[in-house]
Amino acid sequence: MGRTIRLLLVCSWGASSGVLCRKINDAAQDKGVPLVAEAVGIHECQAKLPLVDVILLEPQIGHHKRNLQKKADAHAIPLAMVNPVAFATMNGEKVLEQAMALVSIPFSS
């Protein structure tokens, strides 16, 4: 894999996503996966679209998925909800695995 994958992790205001984001970045570094996760609030998301490869939404903003899906589709960016169990347990490795699957890159834990 030649370049760094850019993951946008979105929540209401960027607070809870900041904790999970650190865990994702730590897991990526530990596994040697070229991925950098950035945490943002829902209101910052649209400005970041041209800069990212994959978007994950935290469970508490599921009601925004339909609207964001249209915007992500316009930029050909895969978008999904964070696995709720991985979110609840703040499991950065599982969320990293989910992100890599969305960009069709094999990942072994």
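- In this structure the side chain of V40 never reaches within 4.5 angstrom of the side chain of S17, judged on heavy atoms.
- Taking both residues in full, the closest heavy atoms of Q60 and C11 are given as NE2-CB, 3.5 Å, listed atom of the first, atom of the second, then distance.
- Not counting sequence neighbours, the partners of Q69 by the side chain to side chain donor-acceptor pair (under 3.5 Å) test are K65, D73.
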Show your reasoning for whether side-chain contact (heavy atoms from CB on, under 4.5 Å) applies to L20 and F87. CA-CA 7 Å; L20 185 54; F87 175 74; 4.0 Å; yes
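- Evaluation of the side chain to side chain donor-acceptor pair (under 3.5 Å) rule for D53 yields R3, R6 as partners, not counting sequence neighbours.
- Closest approach of L96 and A27 over heavy atoms only: CD2-C, 3.8 Å.
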side-chain contact (heavy atoms from CB on, under 4.5 Å), that's the test. Do L56 and V10 meet it? Break it down for me. CA-CA 6 Å; L56 288 173; V10 185; over 6 Å; no
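- I77 has its side chain within reach of V52: a pair of non-hydrogen atoms, C-beta onward, lies under 4.5 Å apart.
- Side-chain atoms of L57 and L68, non-hydrogen and from C-beta on, do get closer than 4.5 Å to each other.
- Side-chain contact check for N25 versus V36: some heavy-atom pair is nearer than 4.5 Å.
- Rounding to the nearest 0.5 Å places NE2 of H64 at 12.5 Å from CD of E58.
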Given N83 and K94, is the side-chain contact (heavy atoms from CB on, under 4.5 Å) satisfied, shown in steps? CA-CA 8 Å; N83 174 295; K94 286 291 183 193; over 6 Å; no
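- Remark: E38 pairs with K48 by the salt bridge (Lys or Arg N to Asp or Glu O under 4.0 Å) rule, at least two apart or across chains.
- Between M90 and K23, the closest heavy-atom pair is O-CD, 3.0 Å.
- Panel note: side chain Q29, backbone D26; no donor-acceptor pair is recorded below 3.5 Å.
- The residue from V54, I55, V82 that alone fulfils the side-chain contact (heavy atoms from CB on, under 4.5 Å) condition with L9 is V82.
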